[in-house]
Enquirer: 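Got a structure for you, written out below as structure tokens; questions coming shortly.
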Amino acid sequence: MNIQRLPKVELHRHLELCVRPSTIYELAPQFGISLPDEQAFRDRFLITEPMNDLGSVLNKFLDTQKLWASEELIERLTFEACEDAFKIDNIRILELRYAPTFVRMGHEHLSFEHIHRAILRGVTKAEAEFPMAVGLICIIQRILPVEEAEAVTNFAIENRASFVGLDLADNEVGFDSKPFAPFFLRAKEAGLGITVHSGEAPVANAPRYVKEAIDYLGATRIGHGVQIYRDASIMEFVRAKGIVLELCPTSNYLTQAIPVLKEHPFRRLFEAGIKTTVNSDDPGIFNIDLNNEYRILSERLGMSVEQLETCTDIAAKASFITLEKKQKVWPRRL
Ligand SMILES: [Zn+2]
């Protein structure tokens, strides 16, 4: 099957971590990072082997983050992220998520407003040039103090005309969902879609965290949620509620959430009747694209093209972008 040609949907892609390699080569020297050869680039920016040393991984995130340093660069990097999604992956419906607090780190001359406007300019330019619909999700970082989370919530709600959803990200161990409940309730009332990173790391409570994200935060979509395969009752809960899982196979392998790629439970969850979708998470840093994730499901997990298209249609329907906007770029009726 020609995977590239399938029209696709991406629900789970971090804008800050999908910078084009040629752009990194071009910009890195301005930020004091010398990249004399391919190996230096790989060592400094890419994660292509399962992680065992969190420190070096975080440094890679931070190196990429350095490039988001001005409104001009933010607009350019956003446009390129959309262009690559369309040209490389044939993505027609694209949701990009970003954390204003993460982008601003070290770039304090930029306000959330500056950052968001620059991103919107990049998105608008891409939508004018390519037949694609792009939606932005605002991320709250769990690890931040609660006042900062509140400020980000307020920012997302004030900009609800140009955000489609709100997300909670970062390590959930030791950072319960419950304190964030008032924020997510307000965002939901304001009309934002709710997706929450949960059930990613292989910890004992992972399935329970997913249930809490649904119960306390009103999530209708879960970023990852892959660990629910360990708990039949929570799988049934997720299925019965029609919750959508944003699954990211390569990401799960590289973070060792799922130690062996061939044993990824994607197909098992799909066959259990759970709404499963295919996503790339951090394509720039993982050196992958969305085609790669479809290929894994086809070649390693033996899923058929019909099954993959079913997942894509689930994603198209689950996208927080308005039906009218999605339908204009999607080849099948939603
Ligand atoms: Zn993610």
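Note: hydrogens, waters and symmetry copies are ignored here, and every other heavy atom, side chains too, is used. In listed order, ligands and their atoms are each counted from 1.
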Enquirer: With a cut-off of 2.8 Å, does any N, O or S atom of Cys248 fall short of it relative to the Zn ion (ligand 1)?
Expert: no
Enquirer: Within 45 degrees of the axis of the six-membered ring of Tyr294 and under 6.0 Å from its centre: does Lys8 put its NZ or CZ there?
Expert: yes
Enquirer: Kindly give the atom name of the N, O or S atom of Asp281 closest to the Zn ion (ligand 1).
Expert: OD1
Enquirer: Check this for me: does any side-chain nitrogen of one of Asp313 and Arg332 sit under 4.0 Å from a carboxylate oxygen of the other?
Expert: yes
Enquirer: Among Arg13, Lys275, Arg97, find the one that has a salt bridge (charged side-chain N to carboxylate O under 4.0 Å, His left out) with Glu246.
Expert: Arg97
Enquirer: Can you tell me if an N/O/S atom from His12 lies under 2.8 Å from the Zn ion (ligand 1)?
Expert: yes
Enquirer: Taking CD in Glu324 as the centre, count heavy atoms belonging to other residues, nucleotides or ligands within less than 6.0 Å. Is the count above 12?
Expert: no
Enquirer: With the Zn ion (ligand 1) as the point of reference, which N/O/S atom of His14 is the closest?
Expert: NE2
